[in-house]
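Here is the structure we will look at.
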Amino acid sequence: MMLSVISISSEQRTRIAGWLVCVTAMSYLLAIALNISLFIPTIIAWLAVAFCWPSLGQSAHKQAAILFGCGVLMLLWGAIKQVELGLFDAVSRNLPLLTMFVAVSFLALTNPEAEDTSQPMGKRGFWSTILSCHLLGAVINLSIIFVVGDRLQRKAPLTRGQIVVLMRGFCSGAYWSPFFIAFGVAMTYAQGAQLTHTIVPGLLLALLMAVFTYYEMRRYRLNGFRGYPLKRDSLVMPIILAVCVLLLHTLYPEVHILTIISVAAPVAALVFLKGRPRKQVLVNYVERRLAGVASQFALFLAAGVFSSGVAALLASYPALFQFNIEHVSPWVFWGASLIMILVGLIGIHPLVSVSLASPLLLPIAQDLNQLAFLYLSVWGTATAVSPLSGVGLAMVSRYQANSLGILRDNWRYLLFMWFSAGALNWLIF
């Protein structure tokens, strides 16, 4: 049996993995709808990781293995210390995140078609590009970077200014967008936080990003900036989807926001699908592209085990982790966010820092919305300034961006957004 699994072709492995990933999301939503155990979707999710493990990249292998191994060791130590362990919760904790991730990935099928050959220049080009990356990226996620970047690269290699705009414009969607995986992480690790309480400070941070980047772009001769054309038609789907999610969340407050997004996103993808026939396009996507999220499956499932392990370790030595801090003060917010951002600079996934910080911050968090905003602000800033983030690696590998150049061009932005997030926290929470 093992030999037959190992000997299957790469194409067959991709096809089977895609369906395992898809069935994981479908079975989770079905279990939620029927109010039954999450045992089956959890088994399928781990099976998908085991099946895809040989084809995962070295980075995904290393991070997932370290997280899982450390998590298991800490859980074992917790068991020795007779700490009450939620083992099933450890292996299924991030299942809602994975379901949302799969559901939102289908929105890539609604990518705007690049028919308009115009290229706005100067200030108009800047605003058109940053709004395209931000507003469209807030819904269809990372694929918008490739749509915009490939279009701009047709006439000349991307400039430093264009790289800055693409990275900041897209990554800042994490500050507020419910369709970013950052939002799912924040809602999971600050359970009880509400979208309606985090979206306003998040939008304010995004506005500050745009204004700061605009004035900073004067260093790159803004008048010569080659931009991407933003068409009003391309905003229809994101606006309709966002309104539907907010409306459903208002009408059904008892349904978790991640569940609403996980249902609404595939429906929107089906309605606004570019290709025809719809059924064949969807099947092709599942069998050829959906396996690409396997590395996220491995990382997120392992992070759930790791976070549960950290909680078990803290419970084993309660006196050791008494910091005499009663709440998340502005200084605690600034300190925690700076550490998490700096850790992100060296390639540590924001999910890892959140899963590590959550057991430490949850006991002193008097407002879970504040905690969620902390996680969102860290995610949006860290991914925009690090050449080792997913977006940074895409810019380096696909558009030949210079890693050190990304750091040099963004250190002021890092400090500004870090300070601004702390200031907004002070004023709002």
Side-chain angles (χ1 to χ4, degrees), residues 21-33 38 41 45 92-111 134-144 170-200 202-203 206 235-273 282 285-286 290 293 296-297 300 304 350-351 354 368-369 372-373 375-376 379-380:
V21 167
C22 186
V23 172
T24 297
M26 293 171 63
S27 60
Y28 171 80
L29 292 174
L30 184 62
I32 292 296
L38 298 178
S92 63
R93 178 172 189 170
N94 285 336
L95 210 53
L97 283 177
L98 294 176
T99 301
M100 175 190 164
F101 193 84
V102 174
V104 170
S105 74
F106 279 92
L107 293 171
L109 296 172
T110 68
N111 274 343
H134 187 77
L135 297 178
L136 300 181
V139 175
I140 66 175
N141 285 285
L142 187 59
S143 55
I144 191 62
F170 169 70
C171 293
S172 56
Y175 292 143
W176 63 272
S177 173
F179 304 103
F180 255 71
I181 196 64
F183 175 80
V185 171
M187 294 299 114
T188 299
Y189 286 89
Q191 202 145 43
Q194 296 293 321
L195 167 64
T196 50
H197 290 80
T198 61
I199 195 169
V200 171
L203 285 170
L235 295 176
V236 172
M237 188 276 291
I239 291 173
I240 291 177
L241 181 56
V243 169
C244 287
V245 167
L246 291 173
L247 182 61
L248 288 170
H249 186 47
T250 303
L251 293 175
Y252 304 99
E254 71 280 3
V255 180
H256 200 288
I257 185 68
L258 299 189
T259 304
I260 293 175
I261 294 170
S262 298
V263 173
V267 172
L270 186 62
V271 172
F272 292 96
L273 199 63
L282 290 172
Y285 180 78
V286 171
L290 199 54
V293 307
Q296 280 79 15
F297 261 53
F300 278 60
L351 173 66
V354 170
L368 292 172
N369 296 303
F373 176 62
Y375 298 153
L376 293 172
W379 196 299

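The figures that follow rest on heavy atoms only: side chains count, while hydrogens, waters and symmetry mates do not. If you're wondering where the values come from, they're calculated on a predicted model, not measured in any experiment.
When all heavy atoms are compared, the tightest approach of P178 to M100 is O-CE, 3.0 Å. Closest heavy-atom contact between G184 and L97: C-CD2, 2.8 Å. The two residues W176 and I199 have their closest heavy-atom pair at CB-O, 3.9 Å. Smallest separation of non-hydrogen atoms from P350 and W379: CB-CE3, 3.5 Å. Here the closest non-hydrogen pair linking A190 and L368 is CB-O, 3.7 Å. Closest non-hydrogen pair, A45 versus L95, comes out as CB-CD1, 3.9 Å.
Using a 4.5 Å heavy-atom cutoff, the side chains of L195 and L246 are in contact. With contacts defined as side-chain heavy-atom distances shorter than 4.5 Å, the pair S105/L290 qualifies. In this structure, V104 and V139 have side chains that are not in contact, with every pair of non-hydrogen atoms separated by 4.5 Å or more. Within the 4.5 Å cutoff, side-chain heavy atoms of F297 are placed close to those of V293. Counting only heavy atoms from C-beta outward, the side chains of L38 and I32 approach each other to under 4.5 Å. Side-chain contact between L282 and V286 is absent, with no heavy-atom pair separated by less than 4.5 Å. For the pair S262/L29, a side-chain contact is recorded, criterion being any heavy-atom separation below 4.5 Å from C-beta on. Looking at H256 and P96, their side chains never come closer than 4.5 Å, going by heavy atoms from C-beta outward.
Checking Y28 against T259 by side-chain atom types alone, no donor-acceptor pair falls below 3.5 Å.
At least one donor-acceptor pair closer than 3.5 Å links the side chain of S27 to the backbone N or O of T24. In this structure, Y252 contributes its side chain and I257 its backbone to no donor-acceptor pair below 3.5 Å. Side-chain atoms of N369 do not come within 3.5 Å of backbone N or O of H197 as any donor-acceptor pair.
Here the CD-CG distance, from Q296 to L351, works out to 10.5 Å after rounding to the nearest 0.5 Å. Here the CG atom belonging to L136 is positioned 11.5 Å from the CG atom belonging to L107, to the nearest 0.5 angstrom. Atom CD1 of I261 and atom SG of C244 lie 12.5 Å apart (nearest 0.5 Å). How far OH of Y175 is from CZ of F180: 10.5 Å, rounded to the nearest 0.5 Å. One finds the CE atom of M187 at 8.0 Å from the CG atom of L258 (value rounded to the nearest 0.5 Å). From Q194, atom CD reaches atom NE2 of H249 across 4.5 Å, with rounding to the nearest 0.5 Å.
Ring centroids of F272 and F106 are separated by 6.0 Å or more, keeping the two rings apart. Between Y375 and Y189, the ring center distance fails the sub-6.0 Å criterion.
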